[in-house]
Amino acid sequence: MSRKTKFIFITGGVLSSLGKGLASAAIGALLESRGLTITLQKLDPYINVDPGTMNPFQHGEVFVTDDGAETDLDLGHYERFTHAKLGRNNNYTTGKIYHSVITKERRGDYLGGTVQVIPHITDEIKRSILSAADGVDVVIVEVGGTIGDIESLPFQEAIRQFKSDVGKENVIYVHLTLVPYIATAGEVKTKPTQHSVKELRSIGIQPDILLCRTDRFLSDDIKAKIALFCNVDVDQVITAKDVDSIYEVPLVFHQQHLDDKIVELLNIWTRAPKLHEWEKLVEKIKNPKDSVTIAIVGKYIHLRESYKSLNEALFHGGLGNDCAVELDFVDSETIEDTNVETRLASAHGILVPGGFGSRGIEGKIRAIRYSREQQKPFFGICLGMQMAVVEYARHAAGMTGAHSTEFDKQTPFPVIYLMTEWFDYQTQTVQKRDPDSDKGGTMRLGAYPCVIKEGSTAYRAYGRKEIFERHRHRFEFNNALRERLEKAALVISGVSPDGELVEIIEVPDHPWFLGCQFHPEFKSRPMEPHPLFVSFIRAALEYKKAQSD
Ligand code: GLN
């Protein structure tokens, strides 16, 4: 930590899902626009060591960082809104904190002392906060959960203590609450906010800024009332109004001088904010010139949070083409027997995303076959790529019964299988995997290099030969069947530098059919849409135009 590093702690009140992650990301964007270097960190109250083993239905997407950490999806917002470099130090859970305290206790580090929540757990939390602080001007720490929850108390106590540790001029607390409009009364109500702040003050934290989530701008009277009851100045009460696009949030905050207030309270001198890029972005979002429909054929379609980065990346791909992207979520189980053609007819492109488990797998394969045969743009990501290989093997390379050994251990053609030995770029070692080992920690995770074949669809999209993309999977393309698939014209257009890991496949004589073993969606940003998504959406647009000609 440099001597002058400042800390902003963001807590949430009243209820969850008010958009704390987005508010944190937007504050990060505003501070960067003033020339400050920042980082963001998420503290999660649950006991899992990381969200890696959690079901997407419960927790939403698992976001993967370059260094291979499996993290909370809020880190995805942070990366999309800012240039912060995030990794395993940017997300701590209660489980991870306890894990390291208990490891130290077993090692005898506490010299026979009684290990307690205060000070041992709180000290560990404070150390974790500092671990993300190296070399930046401001650290923005989002505390998960809601004020009043039992589980988040140690985190709240730690951030309270933190202020005296690093000096009160270096810390501010931002509290996000709800100010609901009650139709029968015809007015907004401030009581939930008052109670939430009372709760926060009872644990010793006086908020410096209140972000009030509401569906309308708050009047001066309401702001004055909140200020009075919550012991802040009126200009420290900010309306966090609902917006059409999440990318408007930084501008809405800026209009109310939130960034001015933050730098004033933290006593930082900065240049004036440069928000031109954000203004241009919002302008673009509001004025698309065309639109395409993309069918996402997957399993977790009822919970949009499960495909957070994917949805955003498709949206960014649209921005790269001045085009709106309508998403049509298709439950792959519903197209297992019949119905594929009718269900997918209105889509201009089809995407099969990543996933685990066999449910609906044959539906995905049918959707892939349909896109291949109908010459409809197809994008397969991770599991989507693996199933594209299975589909091709079965229906274009004469390998009846081909499958991934994840779903059929006895398949005569295991085109996708568990590789037991490979050179691992992340650790720079030869890794060995026992097929019967534990679920946690056995995946290929994080950024890996990939070399692209010139002249391929991938090369046209990226415009360069070497790329780094993030992975999260166990199974791989089986090299023993590679030659046979290539003889049947499957194009292998991306491989690891040693040539051993197949990373991208394509189908020839098709306008756009590409599968990648990695997750490109994790690296897409609104201002720098990911090349594969831009290229895929362009192909979908061209498909749409060709249909209407
Ligand atoms: N289940 C597949 C594997 O583990 C794909 C994983 C994914 O799509 N993220 O290899």
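A quick note: this is a predicted structure, and the numbers were derived from the prediction, not measured. We count ligands from 1, going down the list as the structure has it; atoms in each ligand are counted the same way.
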Check His471 against Glu503 and note the closest heavy-atom contact, atom names and distance. CE1-OE1, 3.1 Å

Just say parallel, tilted or perpendicular for the rings of Phe81 and His77, cut-offs at 30° and 60°. perpendicular

Could you check which of Gln517, Arg472, Met385, Met443 puts a non-hydrogen atom nearest to atom 9 (N) of ligand 1? Arg472

Do you see a donor-acceptor pair shorter than 3.5 Å between the side chains of Asp424 and Thr427? yes

among protein heavy atoms, the one nearest atom 1 (N) of ligand 1 is Glu406 OE1, 2.8 Å

Pick whichever of Gly354, Gly298, Gly355 has a heavy atom sitting closest to atom 5 (C) of ligand 1. Gly355

For atom 10 (O) of ligand 1, the closest protein heavy atom turns out to be Phe475 N, 2.8 Å

Atom 7 (C) of ligand 1 sits nearest the protein heavy atom Cys382 SG, 3.0 Å

Taking all heavy atoms of Tyr543 and all of Ala347, pick out the closest pair and write down the distance. CE2-O, 4.1 Å

Give me the nearest non-hydrogen protein atom to atom 3 (C) of ligand 1 as residue plus atom name, then the distance to 0.1 Å. Arg474 N, 3.4 Å

Taking the ring centre of each residue, are Phe379 and Phe533 less than 6.0 Å apart? yes

Measure centre to centre between the rings of Phe63 and Tyr78, then say whether the value is under 6.0 Å. no

Indicate yes or no: does an N/O atom of His519 lie under 3.5 Å from an N/O atom of ligand 1? yes

